[in-house]
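The chain is numbered in sequence order, starting from 1.
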Amino acid sequence: MADALRSQEVRPQEFRRHELRRHDLLDVEPAAWEAALAARPDLACVPHLGAWAGRGFPVIVRRRHPGEDTGTVPAGLPLPPRDGKRRIGLALPTEAVRARAPVTLAEGAAAAPEAWRPALDALLALGARHGLAPRLFGGLLWQALTGLPYLSAGSDLDLLWPVPGPVPPDLLGGLAAIEAGAPMRLDGEILLPDGSGVNWRELTAAEPGGTVLAKRLDGVDLRPARTLLAGAP
């Protein structure tokens, strides 16, 4: 499974920094990866990092820190729990990375625990009813891509739900219903057309007239919940 996902072709168009969105996957040129690590002596003994890019493992676009150089690409990766579950953040040269196709739940489901299967099938059916293909991030993504042990009995399932317009309320209701009978917690975000992400649970729980936090590559802002929901007055 990990080998098949690593072999996915990247988007054919030339990579441009302004196209970046949180959670995008990127491949890194091995030479540039080595240079980035050489500039970070604090990472010298961190497991897996030295061979990461050479093994074809990607990084993920993270939110840019305040004051961080906007001429670089903010990227990161998490270590497996047995190696400290540390989150590694790097700033990489634009010319050293290329975009990589996201991993859908359907593509990565085989790497999940067998006990998750009924819930995964229900989530895929929910997505199909709305014409949506949920994407992975979090532990299942990294386990599927690397073959390293990221998941445990208490792991969450992290999903991204890209929507082309307003969020269908019955999508949120469906997520809540599936989680109620699932062996794991469902976490994740609704990805809005402008690239911002809102936590599905926060949007579900928002009071009439309330706001939700929307996360972007370069910051966060509060959005009126009613403007995000289909059918809201």
Side-chain angles (χ1 to χ4, degrees), residues 1-6 22-25 43 45-49 51-52 55 57-63 74-90 100 102-128 130 132-162 167 171-191 197-206 212-215 220:
M1 173 58 65
D3 289 341
L5 293 175
R6 287 200 295 272
R22 292 173 56 249
H23 304 301
D24 283 354
L25 294 175
L43 301 179
C45 297
V46 174
H48 311 297
L49 284 191
W52 192 269
R55 295 179 68 181
F57 297 167
V59 294
I60 197 165
V61 176
R62 58 175 172 80
R63 192 155 56 88
L77 63 97
L79 295 179
R82 71 179 184 186
D83 296 310
K85 207 174 180 179
R86 180 178 174 184
R87 295 182 182 274
I88 307 298
L90 294 166
R100 179 172 179 155
V103 179
T104 66
L105 174 59
E107 292 168 332
E114 185 61 31
W116 289 13
R117 175 54 59 181
L120 300 186
D121 289 343
L123 289 163
L124 290 170
L126 177 65
H130 292 280
L132 304 175
R135 291 162 32 187
L136 295 179
F137 74 112
L140 181 53
L141 170 71
W142 296 106
Q143 186 154 301
L145 284 171
T146 68
L148 298 173
Y150 278 86
L151 296 176
S152 67
S155 294
D156 297 344
L157 173 60
D158 301 297
L159 293 175
L160 303 170
W161 293 86
V167 182
L171 171 63
L172 301 176
L175 288 171
I178 292 169
E179 183 183 50
M184 70 295 202
R185 183 175 186 270
L186 299 184
D187 206 353
E189 298 180 1
I190 307 294
L191 293 186
V198 296
N199 184 279
W200 76 265
R201 200 183 308 276
E202 292 179 11
L203 186 57
T204 302
V212 291
L213 188 70
K215 298 179 180 179
V220 299

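We find the CD1-CZ distance between Ile60 and Arg22 to be 9.0 Å, quoted to the nearest 0.5 Å. For the atom pair Asp121 CG and Trp116 CH2, the distance stands at 14.0 Å (nearest 0.5 Å). Rounding to the nearest 0.5 Å places CG of Leu141 at 9.0 Å from CG of Leu160. Once rounded to the nearest 0.5 Å, the distance linking CD1 of Ile190 with CH2 of Trp200 reads 8.5 Å. Annotation: the span from Ser152 atom OG to Gln143 atom CD amounts to 9.5 Å, rounded to 0.5 Å. One finds the CG atom of Leu203 at 5.0 Å from the CG atom of Leu172 (value rounded to the nearest 0.5 Å).
Shown here for Ala119 and Ala182, the closest heavy-atom pair between the two residues is CB-CB, 3.9 Å. Nearest heavy-atom pair, Gly139 versus Leu151, reported as atom, atom and distance to 0.1 Å: C-CD2, 3.7 Å. For the residue pair Pro102 and Arg135, the shortest heavy atom distance occurs at CB-NE, 3.5 Å. Between Glu179 and Met184, the shortest heavy-atom distance links the atoms CG-O, 4.3 Å. The heavy-atom pair separating Val212 from Ala206 by the smallest distance is CG1-CB, 4.0 Å. Between Leu140 and Gly108, the closest heavy-atom pair is CD1-O, 3.7 Å.
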With side-chain contact (heavy atoms from CB on, under 4.5 Å) as the test, would you mind laying out the steps for His23 and Arg62 before giving the verdict?
CA-CA 6 Å; His23 304 301; Arg62 58 175 172 80; over 6 Å; no
Arg100 vs Leu145, test: side-chain contact (heavy atoms from CB on, under 4.5 Å). Steps then yes/no.
CA-CA 12 Å; Arg100 179 172 179 155; Leu145 284 171; 3.8 Å; yes
Does the pair Leu213 and Asn199 meet the rule for a side-chain contact (heavy atoms from CB on, under 4.5 Å), with working shown?
CA-CA 8 Å; Leu213 188 70; Asn199 184 279; over 6 Å; no
Begin from the C-alpha positions of Asp83 and His48 and carry the test side-chain contact (heavy atoms from CB on, under 4.5 Å) through to its verdict.
CA-CA 9 Å; Asp83 296 310; His48 311 297; 2.7 Å; yes
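Within the 4.5 Å cutoff, the side chain of Leu126 has heavy atoms near those of the Ile178 side chain. At least one side-chain heavy atom of Leu159 sits under 4.5 Å from a side-chain heavy atom of Leu105. Counting heavy atoms from C-beta outward, Trp142 and Pro58 have side chains that approach closer than 4.5 Å. In this structure, Val59 and Ile88 have side chains that are not in contact, with every pair of non-hydrogen atoms separated by 4.5 Å or more. Proximity of Leu43 to Leu90: side-chain heavy atoms (C-beta onward) are separated by under 4.5 Å at one or more points. Side-chain atoms of Tyr150 and Leu148, non-hydrogen and from C-beta on, do get closer than 4.5 Å to each other.
Taking the salt bridge (charged side-chain N to carboxylate O under 4.0 Å, His left out) definition, one finds that Asp156 meets it with Arg185, sequence neighbours left out.
Judged purely by atom type and a 3.5 angstrom limit, Arg86 has no side-chain atom pairing as donor or acceptor with the backbone of Pro80. Here the side chain of Arg201 pairs a donor or acceptor atom with the backbone of Leu186 at under 3.5 angstrom.
Ring orientation note: the planes of Trp52 and Phe57 are nearly perpendicular, at an angle over 60° on the 30°/60° scale.
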